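What follows is a set of notes on a single structure, which appears directly below.
This one's a predicted model, so the numbers in the text were calculated from it and none came from an experiment.
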Amino acid sequence: MARFELKLPKMGESVAEATITNWLKQVGDKIEIDEAVLEIATDKVDSEVPSEVSGVLVEQLFSVDDLVQVGQTIAIIETDVVSVSKIVKQEFVVPVEVTATEKTIEAVKETVSAPINFSSSEKFFSPLVKNIAKAEGVSLSELENISGSGKEGRVTKEDILGYVESRKSKVEIPINVEYDSTPVTHNPLTKKQQPVSVNGGDEIIEMDRMRKLISGYMMASLQTSAHVQSFIEVDVTNIVKWREKVKTAFEKREGEKLTYTPIFMQAVAKALKDFPMMNIAVDGDFIVKKKNINLGMAASLPNGNLIVPVIKNADQLNLVGMAKAVNDLGNRAKTGKLKPDDTQGGTYTVTNVGTFGSVFGTPIINQPEVGILALGAIRKVPAVIETPEGDFIGIRQKMFLSHSYDHRVVDGALGGNFVKRVAEYLEVFDVDSDF
């Protein structure tokens, strides 16, 4: 019998770790090749880890809710196949004899860089709390000593953020506000929520893992970026007529449904090329100007949660390519087939609030991006039409574009001109063009 090491596979360039959410196979279970062994979750998407061999699961090296790094061994499968990895490992056995100096150096390295071993704690910590602890350098002993306000004394996001803030405040000098001599010590993120009155008819529902993550992202974005909005109305009558004329032929020829979304995405990608300072990210006091235009496409999941798959190099796609990308990501989002890398690397996001009948909205920026565009519902409205013979009232198909942008680095001129350019591309859409 050979022992095969099942490792956490690489899930994309920007994905370095994942949380184990469920073991589908238990010790002693038989496993077929390509059969899912466990379920994992990154900060954006859930997925399964299949086995590369057939055999019997003999050891689980991590528990549910443990954070695992890409490349780490997570399980041992006993198989009849000769273990090539075992042979390779034998060729690189580290000598047993190590000098005292080398041991000291290694010990220091482990203390500084080794990930926190949460499995050694008897307390439960959610994946979000673990990620915050790792990012803020909170040790396991510190984490265990934080007084939790959650169910059964669990440490919540607010608890650990409050601890981090209080730790920082010990070395910060209170600043007096001009209109109040009281030192500024209040932070809305660390404020404990007031107890909610519950009566016998109320139902208490705990947020699922993804909803907790979304909640954290939204609050963090509002605390990070200075949100400002610009709105513009667009006449899309020509687009509506063109789509009605060609959608049947498009689907027959390309095998894809033609929605409005790829047309809008193309206009956004073109505008981003015209205004590259909208295709940026903020890193401290520096602006990172992104080389690629990767469009995030907000999509609803069957459970009501939200996810943002990304269309990579969107500016390089024609309408057919954009339609295929939009439909593929949308379908895989609905069926839970997105891969972790599908949600990484976005540089600008588009959300279609018109799907739910909203005329316009004020979306929250998807960090670390600096802008997000909301597409409102297309409506038939009376409008003034200018002609050489004079003005008259007619029925037109119109919609609102709502642009939220980060006022730290995007001023009104840039934010307004960008959404205006998107509108111009939509209004001059070539109705005589082929697809």
Side-chain angles (χ1 to χ4, degrees), residues 217-218 221-222 224-236 239 259-282 290 292-300 306-315 317 319 322-323 325-326 329-330 333 343 345-379 397-429:
Y217 290 144
M218 295 300 98
S221 181
L222 288 174
T224 299
S225 298
H227 283 64
V228 176
Q229 284 81 29
S230 291
F231 306 91
I232 191 167
E233 192 174 26
V234 192
D235 189 330
V236 292
I239 292 177
T259 64
Y260 293 113
T261 302
I263 301 173
F264 297 145
M265 292 300 231
Q266 269 202 319
V268 172
K270 288 180 181 179
L272 286 172
K273 292 195 75 170
D274 296 340
F275 296 93
M277 288 306 291
M278 279 304 312
N279 198 53
I280 64 173
V282 179
K290 296 293 185 177
N292 299 326
I293 294 176
N294 300 332
L295 290 184
M297 180 184 72
S300 295
L306 184 72
I307 198 165
V308 185
V310 177
I311 301 171
K312 307 293 173 60
N313 299 309
D315 58 313
L317 299 176
L319 184 59
M322 186 71 78
V326 167
L329 291 174
T343 60
T347 59
Y348 188 90
T349 297
V350 178
T351 179
N352 191 351
V353 299
T355 302
F356 315 107
S358 297
V359 178
F360 55 80
T362 55
I364 297 175
I365 296 169
N366 187 19
Q367 299 293 327
E369 301 163 16
V370 299
I372 180 171
L373 186 70
L375 308 173
I378 298 175
R379 303 168 302 137
Q397 300 272 7
K398 289 196 173 187
M399 65 181 294
F400 282 99
L401 303 180
S402 310
H403 186 209
S404 293
Y405 48 94
D406 189 344
H407 212 346
R408 294 179 302 165
V409 289
V410 180
D411 292 328
L414 175 57
N417 284 325
F418 169 79
V419 71
K420 181 182 178 183
R421 184 63 53 86
V422 175
E424 289 170 351
Y425 279 131
L426 294 176
E427 290 186 338
V428 299
F429 182 81

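In this structure, OH on Tyr405 lies 8.0 Å from CD on Gln229, to the nearest 0.5 angstrom. Atom NZ of Lys270 and atom CG of Asp315 lie 11.5 Å apart (nearest 0.5 Å). Note that CD of Glu427 and CD1 of Ile239 are 9.0 Å apart. Values are rounded to the nearest 0.5 Å.
At distances below 3.5 Å, at least one donor-acceptor pair connects side-chain atoms of Ser221 with backbone N or O atoms of Ile365. Checking side-chain atoms of Asp235 against main-chain N and O of Lys398 turns up no donor-acceptor pair under 3.5 Å. Proximity of a side-chain donor or acceptor of Thr347 to a complementary backbone N or O of Ile293 within less than 3.5 Å is not detected. Side-chain atoms of Asp411 never come within 3.5 Å of backbone atoms of Ala413 as a donor-acceptor pair (strictly under, hydrogens ignored). Between the side chain of Gln266 and the main chain of Leu317, a donor-acceptor pair closer than 3.5 Å is present. For Glu369 (side chain) and Thr349 (main-chain N/O), a donor-acceptor pair under 3.5 Å exists by modelled atom type. Judged by distance alone, with hydrogens and angles left aside, the side-chain atoms of His403 form a donor-acceptor pair with the main-chain N or O of Gly415 at under 3.5 Å.
Under 3.5 Å, the side chains of Gln367 and Ser225 contain a donor-acceptor pair of N or O atoms.
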Between Phe231 and Thr362, is the side-chain contact (heavy atoms from CB on, under 4.5 Å) condition met? List the steps.
CA-CA 9 Å; Phe231 306 91; Thr362 55; 3.9 Å; yes
Checking side-chain contact (heavy atoms from CB on, under 4.5 Å) for the pair Val350/Phe264: CA distance, chi angles, key distance, verdict?
CA-CA 9 Å; Val350 178; Phe264 297 145; 5.7 Å; no
Verdict with supporting geometry, Leu272 and Leu295, side-chain contact (heavy atoms from CB on, under 4.5 Å):
CA-CA 10 Å; Leu272 286 172; Leu295 290 184; 3.6 Å; yes
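Proximity of Thr224 to Arg408: side-chain heavy atoms (C-beta onward) are separated by under 4.5 Å at one or more points. At least one side-chain heavy atom of Ile307 sits less than 4.5 Å from a side-chain heavy atom of Thr343. With contacts defined as side-chain heavy-atom distances shorter than 4.5 Å, the pair Val410/Met277 does not qualify. Thr351 is not listed as a side-chain neighbour of Leu373, based on a closest heavy-atom distance of 4.5 Å or more. Looking at heavy atoms from C-beta onward, Asp274 lies in side-chain contact with Tyr425 at the 4.5 angstrom threshold.
For Phe400, the CZ atom is densely surrounded, since the number of other residues' heavy atoms within 6.0 Å is greater than 12. The local environment of NZ in Lys312 is crowded, with over 12 non-hydrogen atoms from other residues, nucleotides or ligands closer than 6.0 Å.
For Tyr348 and Phe418, the ring centers are positioned less than 6.0 Å apart.
Shown here for Ser402 and Phe360, the closest heavy-atom pair between the two residues is OG-CB, 3.0 Å. Nearest heavy atom pair, residue Ala299 against residue Pro309, reads CB-CD, 4.3 Å. The minimum heavy-atom distance between Leu426 and Ala267, with the atom names listed, is CD2-CB, 3.7 Å. The two residues Val370 and Ile280 come nearest to each other via the heavy atoms CG2-CG1, 3.5 Å. Closest approach of Ile311 to Met265, counting heavy atoms only: CD1-CE, 4.1 Å. The two atoms that bring Ala298 and Leu306 nearest to each other are CB-CD1, 4.1 Å, heavy atoms only.
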